[in-house]
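Below is one structure, written out as structure tokens; comments come after it.
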Amino acid sequence: MSDFHTDFWGYYISAIALAGIFWCGWLLMSQRRIKSAPADASGAVADTGHVWDEDLRELNNPLPRWWMWMYLLTCIFSVGYLLLYPGLGKFQGWLGWSSTGALVEQQARLREQVQPVYARFENMDIPAIASDAQGQEIGQRLFLNNCAQCHGSDARGSKGFPNLADGDWLYGSSPETIYETIAKGRHGVMPPFSEQLDARAIADVAQYVRSLSGLAADPIKAARGRSDFRSTCAACHGVDGKGNQMLGAPNLTDGVWLYGSSAATIAEAITKGRDNQMPAHEHLFTPQQIRLLTAYVWGLTRPGETPR
Ligand code: HEC
Ligand code: HEC
């Protein structure tokens, strides 16, 4: 009911529900009084005049008593149900039950049940969990169920969704940073520059950006684009184009692309800007679960550790 801005629909639905129940009661009473003609002196019951299959007559007997009671009891049950449980507009019901409350309770019970499994990882650091077979297994399952729809089941991402298995990081690779990314989410924003730069200048900067990672670029345009890059882009991407992990501004020199390396794709980023969001997950997981996810993501490349 909280989805509506006014109380009107609550009253509307309550009125229909209650009127329906009372109408059923009224129907029973009215039919009982009018239709049940008494048997005549000889004990024969009057019939309704309906005849089927030549000799099957419909008698006008009163409704059986057990049937009437069942009918009445269902009406009373409905009223009782609507008093105990939510069903009438904003009225919560005397029991205070709600589907959200039931879900929260079930989740709490489930957490309590799995607590012993997670307790084992409580005193392990992230690299230790990443080396633990059970830790990796749980982390991978959590990842497949909650992260794979964006980052891919192999964590290799796709256009706009970063590859988590390539050792290249927008925000940083330390366990603390990865934990924060998962818990709080990230929002990478690059403003559009179509006001400051005209189409020619944008094409020039795009060529310069391509030259930063050694891609084929028009040397004259790239040389012209260099000064615009320094004045307009360096604030976030750095004078050398190596990016800034505080802002999530990608390194433009490493040959790893979030959106693509074609001149057109780069020009599109400059013209329209980019706005990309990783949702926060802290309300979905316990801190222990986020630690196992962190260990799984960290373990994909083991940054800061000498490769084995
Ligand atoms: C709705 C899509 C979506 C889901 C679900 C999602 N992510 Fe992301 N994730 C993104 C996007 C988009 C970015 C890049 C954000 C940016 O560009 O600022 C990102 C960034 C990240 C980064 C930072 C990568 C870097 O290079 O620094 C990590 C780590 C990460 N996600 C892990 C996860 C994990 C673990 C989960 C599951 C709990 C998850 N993500 C679920 C969309 C998603
Ligand atoms: C205010 C900071 C900021 C400025 C200024 C800025 N960028 Fe960005 N840029 C970002 C961020 C943040 C991203 C990542 C957006 C995302 O996560 O989707 C980005 C992404 C990009 C990408 C996509 C990289 C890829 O891997 O696909 C390119 C190309 C780019 N910027 C070029 C430029 C150029 C050229 C300029 C100057 C005209 C510029 N940026 C100015 C913050 C900035």
Side-chain angles (χ1 to χ4, degrees), residues 139-152 155 157-175 177-197 201-213 215 225-238 241 243-282 284-285 289-301 303:
Q140 184 181 34
R141 264 191 228 140
L142 288 171
F143 188 89
L144 289 176
N145 285 334
N146 299 283
C147 322
Q149 71 269 39
C150 289
H151 291 286
S158 59
K159 187 175 176 181
F161 299 104
N163 183 336
L164 304 176
D166 62 356
D168 185 62
W169 300 87
L170 291 167
Y171 294 94
S173 60
S174 71
T177 314
I178 298 174
Y179 185 100
E180 191 178 325
T181 299
I182 301 171
K184 306 274 180 208
R186 296 285 184 185
H187 191 177
V189 183
M190 164 162 158
F193 290 98
S194 47
E195 302 267 301
Q196 285 103 307
L197 304 172
I202 289 174
D204 290 350
V205 179
Q207 289 301 316
Y208 178 70
V209 169
R210 278 178 62 86
S211 76
L212 286 173
S213 54
L215 292 169
R226 187 167 176 268
S227 66
D228 272 334
F229 186 89
R230 301 215 155 188
S231 60
T232 316
C233 321
C236 295
H237 291 284
N244 181 344
Q245 294 191 335
M246 299 290 282
L247 302 167
N251 183 341
L252 301 174
T253 68
D254 59 3
V256 175
W257 298 89
L258 189 54
Y259 297 97
S261 63
S262 74
T265 309
I266 298 172
E268 184 190 329
I270 305 171
T271 313
K272 297 184 183 159
R274 294 284 183 201
D275 191 318
N276 208 17
Q277 209 160 348
M278 150 94 189
H281 283 79
E282 58 188 348
L284 291 175
F285 298 124
Q289 288 175 316
I290 300 183
R291 286 186 81 230
L292 287 174
L293 274 165
T294 303
Y296 178 74
V297 172
W298 183 88
L300 291 170
T301 50

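Given the structure is predicted, the values throughout are model-derived calculations rather than measurements. Counting convention: from 1, in listed order, for ligands and their atoms alike.
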Heavy atom of the protein closest to [atom] (residue, atom name, distance):
atom                    : value
atom 7 (N) of ligand 2  : His237 NE2, 2.8 Å
atom 13 (C) of ligand 2 : Pro250 CD, 3.3 Å
atom 4 (C) of ligand 2  : Cys236 SG, 3.3 Å
atom 28 (C) of ligand 2 : Leu252 CD2, 3.9 Å
atom 17 (O) of ligand 2 : Asn276 CB, 3.7 Å
atom 10 (C) of ligand 2 : Met190 CB, 3.3 Å

N/O/S atom of Cys147 under 2.8 Å from atom 8 (Fe) of ligand 1, yes or no?
no
With heavy atoms only and a cut-off of under 4.0 Å, state how Trp257 meets ligand 2: side chain, backbone, both or neither.
both
Honestly, for Asp228 the part within reach of ligand 2 (heavy atoms, under 4.0 Å) is neither
Pull out every atom of ligand 2 sitting under 4.0 Å from any heavy atom of [X], numbered as shown with elements.
X      : value
Pro191 : 1 (C)
Leu258 : 16 (C), 17 (O), 18 (O), 25 (C), 26 (O), 27 (O)
Thr232 : 5 (C)
Leu247 : 12 (C)

Does Leu170 approach ligand 1 within less than 4.0 angstrom via side chain, backbone, both or neither, non-hydrogen atoms only?
both
Where's the contact between Tyr296 and ligand 1, heavy-atom distance under 4.0 Å: side chain, backbone, both or neither?
neither
contact_flag Ala235 ligand 2 heavy-atom lt 4.0 Å
no
Enumerated ligand 1 atoms positioned under 4.0 Å from heavy atoms of [X]:
X      : result
Pro162 : 11 (C), 13 (C), 14 (C), 19 (C), 20 (C)
Val297 : 35 (C)
Tyr171 : 16 (C), 18 (O), 25 (C), 27 (O)
Gly160 : 12 (C)

Say whether [X], considering both its backbone and side-chain N or O atoms, lies within less than 3.5 Å of an N or O atom on ligand 2.
X      : answer
Arg274 : no
Ala249 : no
Tyr259 : yes

Closer than 2.8 Å to atom 8 (Fe) of ligand 2, do we get an N, O or S atom from Cys233, backbone or side chain?
no
